[in-house]
Amino acid sequence: MSEEKTKVLVIGSGPAGYTAAIYASRANLHPIVFEGNQPGGQLTQTTEIENFPGYPEGVQGPEMMDQIRRQALRFGAEIRPRTIESVDFSKRPFRCVDEKGDVIIADTVIISTGASARYLGLSDEEKYRGLGVSACATCDGFFYRKKNVAVVGGGDTACEEALYLSTLANKVYLIVRKNYLRASDVMQKRVRDKENIEILFECNTVGLFGEDGVEGAHIVSKKGTPEEDHFDIEIDGFFLAIGHKPNTEIFNGQIELDAEGYIKVQGNTTHTSVPGVFAAGDCADPRYRQAIAAAGTGCRAALDAEKFLMEHSEE
Ligand code: NDP
């Protein structure tokens with residue numbers, strides 16, 4: 001077990017963490033970044049990004065993350081492919097322990113741990129994980145060319161995933177628990193206009209079946225009403241698109257979180273409830289969840305940390 005000190009510890013990568021590292025390293029703060037178990041974050045699971053300024057022709061998610069990462073390395077950020085497992089924010093400097101038991105003593109911490117896809121909580125999702133169950137159509141859609149698939153959810157993500165899959169798969173079921181889509185009008189129209197997307201309103205998935213992988217799903221419609229019905233659909237791929245949950249478990253009890261687990265920040269800053277701890281990106285953003293917004297808060301977190309260190313340099 002080793003122990004080392006740093007002025008700025010960044011927990012988590014992705015556009016927020018790497019941008020914070022660029023700013024902190026250019027301010028000579030020598031940040032250490034713990035990338036976590038998905039270096040580069042959610043964007044490494046996407047294909048093309050068309051809405052990040054500066055890429056008029058679009059850019060592949062993993063490529064963009066690699067470029068931001070290299071930009072941070074260029075200015076001296078130390079980036080480690082490791083995970084912080086526990087933190088103690090009860091007194092400054094903060095004591096953080098990684099998965100190997102090594103200790104980092106940090107004057108400031110920037111949390112940028114992002115968010116992860118939600119699952120329904122069915123045991124079959126675990127059973128068939130990687131065998132037909134996925135939360136990323138753009139990552140795994142390719143495997144379902146000319147096959148039948150289902151997407152669960154009624155928001156923009158579900159519609160986007162269904163539209164993407166409809167270009168590859170033979171047929172796409174969109175399983176929606178309510179009798180309407182929550183997605184924006186333009187996305188709804190695109191989905192409704194696609195001949196090979198069938199929307200199953202007021203339907204819930206209660207199980208999956210198949211020998212060596214997913215071969216179908218058990219569906220119940222209009223559950224709890226006189227018209228309740230049970231039926232199966234034949235599918236090879238089952239995609240979840242029912243929202244995200246912030247990766248903030250290790251901070252529970254250490255800083256203030258909202259009811260959904262998102263980190264609470266103060267006003268238009270990245271300050272958390274603990275002075276010296278800052279939050280950036282999706283872990284503190286239930287609303288926008290965009291790469292450019294995450295990069296912006298990463299910048300602000302580094303500037304907030306720099307100012308904090310200047311104000312507390314005598315302590
Ligand atoms: P949302 O929270 O908007 O939608 C989640 C969907 O999943 C809802 O239809 C919800 O149903 C459904 N759902 C949740 N839990 C379950 C469950 N247990 N069983 C079945 N269905 C469930 O999440 P999104 O990820 O779609 O979007 C998040 C934000 O990102 C939104 O603001 C969205 O507009 C934005 N976004 C924008 C995009 C774009 O503009 N291109 C693309 C993707 C996202 P119910 O309605 O019943 O609650």
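In this text the structure is predicted, and so the values were computed from the model without any measurement. Along the sequence shown, residues carry numbers from 1. One-based numbering, in listed order, for ligands and for the atoms of each.
- For the 3.5 Å distance criterion, the side chains of Asn247 and Ser116 qualify, holding a donor opposite an acceptor.
- Within the hydrophobic cluster formed by Ile, Leu, Val, Met, Phe, Trp and Tyr side chains joined at under 4.5 Å, directly or through other members, Phe89 is accompanied by Leu9, Ile11, Ile32, Phe34, Ile84, Val87, Phe94, Ile104, Val109, Ile111, Ile250, Phe251, Ile255, Leu257, Ile263, Val274, Val277.
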Give every donor-acceptor pair under 3.5 Å between a side-chain atom in residues 19-30 and any protein atom, sequence neighbours left out.
| from | atom 1 | to | atom 2 | distance (Å) |
| --- | --- | --- | --- | --- |
| Thr19 | OG1 | Pro15 | O | 2.5 |
| Ser25 | OG | Ala21 | O | 2.5 |
| Ser25 | OG | Ile22 | O | 3.2 |

List of N/O pairs, ligand 1 versus protein, all under 3.5 Å?
| from | atom 1 | to | atom 2 | distance (Å) |
| --- | --- | --- | --- | --- |
| ligand 1 | 9 (O) | Gly154 | N | 2.8 |
| ligand 1 | 9 (O) | Gly155 | N | 3.4 |
| ligand 1 | 11 (O) | Arg177 | NE | 3.3 |
| ligand 1 | 25 (O) | Thr157 | OG1 | 2.6 |
| ligand 1 | 26 (O) | Asp156 | N | 3.3 |
| ligand 1 | 26 (O) | Thr157 | N | 3.0 |
| ligand 1 | 26 (O) | Thr157 | OG1 | 3.1 |
| ligand 1 | 30 (O) | Arg289 | NH1 | 3.1 |
| ligand 1 | 34 (O) | Asp156 | OD2 | 2.6 |
| ligand 1 | 41 (N) | Glu160 | OE2 | 3.0 |
| ligand 1 | 46 (O) | Arg182 | NE | 3.1 |
| ligand 1 | 46 (O) | Arg182 | NH2 | 3.3 |
| ligand 1 | 47 (O) | Arg177 | NE | 2.9 |
| ligand 1 | 47 (O) | Lys178 | NZ | 2.9 |
| ligand 1 | 48 (O) | Arg177 | NH2 | 3.0 |
| ligand 1 | 48 (O) | Arg182 | NH2 | 2.4 |

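- Under the salt bridge (Lys or Arg N to Asp or Glu O under 4.0 Å) criterion, Glu215 pairs with no residue at all, not counting sequence neighbours.
- For the 3.5 Å distance criterion, the side chains of Tyr55 and Gln67 qualify, holding a donor opposite an acceptor.
- Remark: Arg145 qualifies as a cation-pi partner of Phe142 under the 6.0 Å distance and 45° angle criteria applied to the six-membered ring.
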